[in-house]
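A short worksheet on the structure shown next.
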2 protein chains.
Amino acid sequence: MSVREAIARRTRAEPAHVQPEGAHDKLLQAAERLFAAHGYNGVSVRELAAAAGVNSALVAYHFGSKEGLLSEVYRRHCEKLNGERQRLLAEARAKSRPPRLEAVLEAFIRPALEVAGGDEGESFTRLRAVLSGENSDLLDKLVAENFDRSSALFIDALCECLPHLPREQAYWRFHFLLGTIYYTAAGPHRIRALSNGRCDPSDSEAAMRALIPFLAAGLKTPPAKD
Amino acid sequence: MSVREAIARRTRAEPAHVQPEGAHDKLLQAAERLFAAHGYNGVSVRELAAAAGVNSALVAYHFGSKEGLLSEVYRRHCEKLNGERQRLLAEARAKSRPPRLEAVLEAFIRPALEVAGGDEGESFTRLRAVLSGENSDLLDKLVAENFDRSSALFIDALCECLPHLPREQAYWRFHFLLGTIYYTAAGPHRIRALSNGRCDPSDSEAAMRALIPFLAAGLKTPPAKD
DNA sequence: GTCTATACAGTGATAGAC
DNA sequence: GTCTATCACTGTATAGAC
């Protein structure tokens, strides 16, 4: 590990893969696992503390409240997700200017679906669903903090690919695009059951193979006149 | 009130617009309002009972649990929603065989967005978000009970309009379509903020004017070869 | 600073009186 | 049928040990 990485680790509380030592890190690790597995209200502060092997009062001490702990878990996931998105977008731009529409879509979608299907972040997107209905004030704050900048960057990239699309339509269509990603990541049960297992949204590759042409066609079509 | 109406009320517990008399109806009415306003966990059993003017133990007595009460509220909304969808679909079929793709889409989408934007059902779709993250077992059951039949009917209608689309692709694209509707109804904050208010998904007409051409183009495009 | 022990008000649910 | 009293449990706050 370089000196620079070591400093980053110390200041940023990012224990990578080592055994966590303080209650702070142990709680974060347990919360990541349990929130993903059982949702926010599905796990109590006392269970979190027990799983982390620490006293239950420490979640209030270290994170202010149970919500504070959730916010921190959420923030860390978004950090990874957005970093990956921007890396892939830069790659797409490096290949051609303007980038291919399909490449921009993939840069935005792949990290969202893979983080959702991976081991550690398996049910990460479910946390958004939890919050969206429930603590909608907290959710608005978290979404704004973690996604506003990244979303604006992708809307710009889309407009770059679609120079004839009015800005207002770009907003609408970006919104619809978010809906398809969100629903694919958060609610895979539905379509799996309806199709008798023929469509499985937790298969990221299959989902993207179906989703990207669909979105590209919708994005390219001329908007209604009126 | 006619004799027939009185019998219907007694058997069906559908008080229409009259003052509810029993605790059962009073609770349903209060729950519809309060769940929509504050979400599921945002309102306690004691608050529900107080708003209905009945003892708090009666929600367990009449509905088994707080979840049971929610299920009943949910079921009643879905009943209206699906009835309206099928009425509009029949209308579209009456105009042309096969029906126009755009007319089928409108029959499916309009009731979902209007029920979401109306007075009584303003935050109805938020309830789905609540459940989807949280009580995912209950949600799966409710969705299956209330939407499986209606969804299958609309997938059939889509395939009627798109005879060249493989059935598996139809499932995928119906799934994506659901995502755009769901996200538009449940999460209007996001796009409103990003667009500085220029796009407002709670304006059903504007949302449909943007959404239907987008979906129609995506649905019509030939799927990826592979 | 970090942590333990404990207390508090509020939750959904339930047994049993009337 | 209706309601009271009560239960086990929740998230949070705090006093005080180390």
Side-chain angles (χ1 to χ4, degrees), chain A residues 10-13 15 19-32 34-35 37-74 127 130-131 133-139 141-142, chain B residues 9-11 13 15 20-32 34-35 37-74 127 130-131 133-139 142:
Chain A
R10 197 160 310 144
T11 56
R12 227 20 241 79
Q19 196 74 359
E21 293 176 14
H24 183 274
D25 291 349
K26 284 196 272 191
L27 278 171
L28 267 179
Q29 201 161 300
E32 224 169 287
L34 293 179
F35 280 151
H38 309 109
Y40 179 70
N41 286 325
V43 53
S44 70
V45 169
R46 285 165 177 83
E47 286 169 330
L48 285 165
V54 305
N55 187 282
S56 65
L58 292 185
V59 357
Y61 175 69
H62 284 291
F63 300 97
S65 67
K66 187 188 181 186
E67 272 191 12
L69 173 54
L70 175 63
S71 297
E72 186 58 18
V73 170
Y74 189 85
L127 291 181
V130 177
L131 296 172
E134 200 84 32
N135 295 328
S136 118
D137 294 343
L138 173 61
L139 191 271
K141 202 186 53 130
L142 290 178
Chain B
R9 274 205 53 219
R10 197 161 310 144
T11 56
E21 294 177 14
H24 183 275
D25 292 349
K26 284 196 271 189
L27 278 170
L28 265 179
Q29 199 160 300
E32 224 168 286
L34 293 179
F35 280 151
H38 308 108
Y40 179 69
N41 286 327
V43 54
S44 70
V45 170
R46 286 165 177 81
E47 286 169 331
L48 285 165
V54 305
N55 186 280
S56 64
L58 292 185
V59 358
Y61 174 70
H62 284 291
F63 300 96
S65 66
K66 188 188 179 186
E67 272 191 13
L69 174 54
L70 175 63
S71 296
E72 186 58 19
V73 171
Y74 188 85
L127 292 181
V130 176
L131 296 173
E134 200 83 32
N135 294 330
S136 116
D137 294 345
L138 173 61
L139 191 271
L142 290 178

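Proteins get letters first, then strands, A, B, ... in listed order; numbering begins at 1 in each. Side chains included, hydrogens not; waters and symmetry mates left out as well; all remaining heavy atoms used.
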_Minimum heavy-atom distance A:Val45-A:Ser56, with the two atoms named_ = CG1-O, 3.7 Å
*Should the pair B:Lys66 and B:Tyr40 be classed as cation-pi, given the thresholds of under 6.0 Å to the six-membered ring centre and 45° from the axis?*
yes
*asked:* So A:Leu48 and A:Val54, do their side chains get closer than 4.5 Å, heavy atoms only?
replied: no
*Can you give the first and last nucleotides of DNA chain D, 5' to 3', that have an atom under 4.0 Å from a heavy atom of chain B?*
D:dG1 to D:dT4
*asked:* Using a 4.0 Å heavy-atom cut-off, does A:Ala60 contact any base of the nucleic acid, only the sugar-phosphate backbone, or nothing at all?
replied: nothing
*A:Leu58 CG to C:dT6 C1', straight-line distance once rounded to whole Å*: 14 Å
*Nearest non-hydrogen partners of A:Leu69 and A:Phe63, listed with the distance*: N-CB, 3.6 Å
*asked:* Please report the distance, rounded to the nearest Å, between CG in B:Leu27 and P in C:dG12.
replied: 13 Å
*Looking at every strand, decide which applies to A:Ser56 at a 4.0 Å heavy-atom threshold: base, sugar-phosphate, or nothing.*
nothing
_B:Asn41: partners by side-chain hydrogen bond (donor to acceptor under 3.5 Å, both in side chains), with sequence neighbours left out_ = A:Glu134
*Compare every heavy atom of B:Leu27 with every heavy atom of B:Ala49, then report the nearest pair and how far apart it is.*
CA-CD2, 4.1 Å
*Kindly check if the number of other-residue, nucleotide or ligand heavy atoms within 6.0 Å of NE2 (B:His62) is above 12?*
yes
Atom pairs, N/O to N/O, protein against nucleotides 8-11 of chain C, distance under 3.5 Å?
{"from": "C:dT11", "atom 1": "OP1", "to": "B:Ser44", "atom 2": "OG", "distance (Å)": "3.4"}

*Name the nucleic acid region contacted by A:Ala57, choosing base, sugar-phosphate or nothing; use a 4.0 angstrom heavy-atom cut-off, strictly under.*
base
*Please examine the side chains of B:Asn55 and B:Tyr61, heavy atoms only from C-beta on, and report whether any two atoms are closer than 4.5 Å.*
no
